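The structure appears right after this line, and notes come after that.
What you see is a predicted model, and the numbers here were worked out from it, not measured in a lab.
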Amino acid sequence: PLTIDADMTWATVMSTALEAYPRRVELAARETEAQALAERGKGLLAGAPTLYFSHLTDATLDNNGQREYEAGVELPVWHAGQRRALTTLAGTAGAESSAAASALRREVAGQLRAVLWDIASAANAADQAKDSVAVAEELLSAVERRNARGDLPLADVLLARSALLEKQKSVIETRAGLLDAERTYRSLTGLDSRPRDFSETPSAREDFDASHPLLALADAELARAKANGELVDRETRGNMLVTVGPRRQRDAQTALMNNSFAVGVTIPVGGKPIGAPERARAARLVAEAESRRGQLLRQLDLDLHEAEHTLSVVEDSLALAKTQSELAMQQWQMAKSAFAQGEIELRDLLRIQDAAQNVVREASRLSIEQGRQIAAINQALGETP
């Protein structure tokens, strides 16, 4: 079982869980990619230089002694707007990397909130089950004493023992549920202890905006897709190549060698139809990013509404459950007194006892659920503890 650390804070749990989270490696990769794009935009050339060499001879044909050697380098040159588009893409990639870090933190916070409230719910159920066992044990002792005096038949003793066994079975089941929840927490954080208090106060915000981690990431992804589309549009036009290099040649039927230096320019033409598929694909990526953002906005709105609605229902139900539990406990006390005086049978007492415990258990469950729904609202609003 996990130990409970009263000094453990949300910051400690979040930090440890983030370090152990498998998807954390994506953040470093995103940052590296953004830096690589920025460095590429600082380059003097639009691409990698290309070395070339050619040799011309008529040895296999006329064999008049013609020889020609040419070597050089081809230099891709930036054309208008291409470097700016690449720099913009690098900037959007950096913004996307930062937004991804915030979104990942929110993702981890959501999982921690869920598992901690699962533990709280399971621990509450286990405590309620143990309390029920204590009450059943006390009742069994009283029934056995009265049976020994001849006031109650053996059938009542057997009935009380059967009720106790049912309560003990519930303890085993609730304890297993608690251990399952604690195992999930240990897998998520790698910790052997959990905070005593992880309740949250409702956020002062009533709605989410563009600062929401998921919306910020969606906006960054959309901006990057648009920047990538602009870069693809520039690059599919092709790059002008500047060619420089020496030439050495000898004409046919002469021994005189002529050395020269060549400078050439290669200009691409007709690249628009050739690059149409790449531009269409880039436009599709922009449309997909816009679609994902729209779907995300709708889902966040639904999540927030669901959490707020559930909290409202839970709070109203909790107020009623507290009143019911008070009445149920009074009835239970009256029933115990009536049973002691022989006014009701054991079977009726057990029925009233179960009803009272169920009402108390429900009130306790709703109290836990109230804290869970407050955390769910904060999660939907993008707040991280």
Where do [X] and [Y] come nearest, in terms of heavy atoms and distance?
X: Leu178; Y: Ala123; result: CD1-N, 3.8 Å
X: Asn239; Y: Gln82; result: ND2-OE1, 2.6 Å
X: Leu86; Y: Trp78; result: CD2-CH2, 3.7 Å
X: Ala160; Y: Leu140; result: CB-CD1, 3.7 Å
X: Ala380; Y: Phe208; result: O-CD2, 4.1 Å
X: Pro76; Y: Leu241; result: CA-CD2, 3.6 Å

Between atom [atom1] of [X] and atom [atom2] of [Y], what is the distance when rounded to the nearest 0.5 Å?
X: His305; Y: Thr310; atom1: NE2; atom2: OG1; result: 8.5 Å
X: Ile344; Y: Leu349; atom1: CD1; atom2: CG; result: 5.0 Å
X: Glu235; Y: Glu230; atom1: CD; atom2: CD; result: 11.0 Å
X: Asn124; Y: Leu366; atom1: CG; atom2: CG; result: 10.5 Å
X: His212; Y: Leu297; atom1: NE2; atom2: CG; result: 10.0 Å

Any donor and acceptor pair, going by atom type alone, linking the side chain of [X] with main-chain N or O of [Y] inside 3.5 Å?
X: Ser364; Y: Arg361; result: no
X: Arg175; Y: Ala126; result: no
X: Tyr185; Y: Ser193; result: yes
X: Ser317; Y: Val313; result: yes
X: Thr174; Y: Ser170; result: yes
X: Ser132; Y: Gln128; result: yes

Just so I know, are the side chains of [X] and [Y] near enough to count as touching, which here means a heavy-atom distance under 4.5 Å?
X: Val359; Y: Trp332; value: no
X: Leu159; Y: Arg347; value: yes
X: Val263; Y: Thr243; value: no
X: Thr184; Y: Ile119; value: no
X: Phe261; Y: Arg247; value: no
X: Leu304; Y: Glu306; value: no
X: Thr12; Y: Thr9; value: yes
X: Met240; Y: His79; value: no

[X]-[Y] side chain donor-acceptor pair, cut-off 3.5 Å:
X: Ser203; Y: Asn378; answer: no
X: Gln341; Y: Lys336; answer: no
X: Arg106; Y: Thr384; answer: no
X: Asp303; Y: Gln299; answer: yes
X: Arg113; Y: Gln379; answer: yes
X: Ser121; Y: Arg365; answer: no
X: Glu369; Y: Gln373; answer: yes
X: Gln249; Y: Asn259; answer: no

Qualifying residues under side-chain contact (heavy atoms from CB on, under 4.5 Å), relative to Ala223, sequence neighbours excluded: Thr92
Counterpart residues, side-chain contact (heavy atoms from CB on, under 4.5 Å), relative to Ala155 (two or more places apart): none
Residues Arg372, Asp118; criterion salt bridge (charged side-chain N to carboxylate O under 4.0 Å, His left out); working and verdict: CA-CA 9 Å; Arg372 185 196 295 271; Asp118 284 346; 3.0 Å; yes
Please determine whether residues [X] and [Y] belong to a single hydrophobic cluster, defined as Ile, Leu, Val, Met, Phe, Trp and Tyr linked transitively by side-chain heavy-atom distances below 4.5 Å.
X: Leu350; Y: Leu152; result: yes
X: Ile267; Y: Val77; result: yes
X: Ile352; Y: Val360; result: no

Single hit among Arg224, Arg292, Arg293 for salt bridge (Lys or Arg N to Asp or Glu O under 4.0 Å) with Asp219: Arg293
Electrostatic pair Asp5:Arg194 at N-O distance under 4.0 angstrom: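 No, Asp5 and Arg194 are not salt-bridged.
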Enumerate, atom names and distances included, each donor-acceptor pair closer than 3.5 Å involving a side-chain atom of residues 34-46, sequence neighbours excluded.
| from | atom 1 | to | atom 2 | distance (Å) |
| --- | --- | --- | --- | --- |
| Gln35 | NE2 | Glu31 | OE2 | 3.3 |
| Arg40 | NH2 | Ala46 | O | 2.7 |

Residues forming a side chain to side chain donor-acceptor pair (under 3.5 Å) with Gln370, sequence neighbours excluded: Glu315
Results of side chain to side chain donor-acceptor pair (under 3.5 Å) for Thr3 - residues two or more places apart only: none
All ring pair (Phe, Tyr, Trp, His ring centres under 6.0 Å) counterparts of Phe198, not counting sequence neighbours: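 Listed in chain order: Trp117.
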Residues, nucleotides or ligands: over 12 heavy atoms within 6.0 Å of [X] [atom1]:
X: Arg205; atom1: CZ; value: yes
X: Met257; atom1: CE; value: yes
X: Glu26; atom1: CD; value: yes
X: Arg149; atom1: CZ; value: yes
X: Glu138; atom1: CD; value: no

Cation-pi check, Arg146 onto Phe339 ring (under 6.0 Å, within 45° of axis):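 Geometry flag: set, cation within 6.0 Å and 45°.
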Lys322 and Glu326: CA distance, side-chain angles, deciding distance, salt bridge (charged side-chain N to carboxylate O under 4.0 Å, His left out) verdict: CA-CA 6 Å; Lys322 287 180 178 179; Glu326 293 175 359; over 6 Å; no
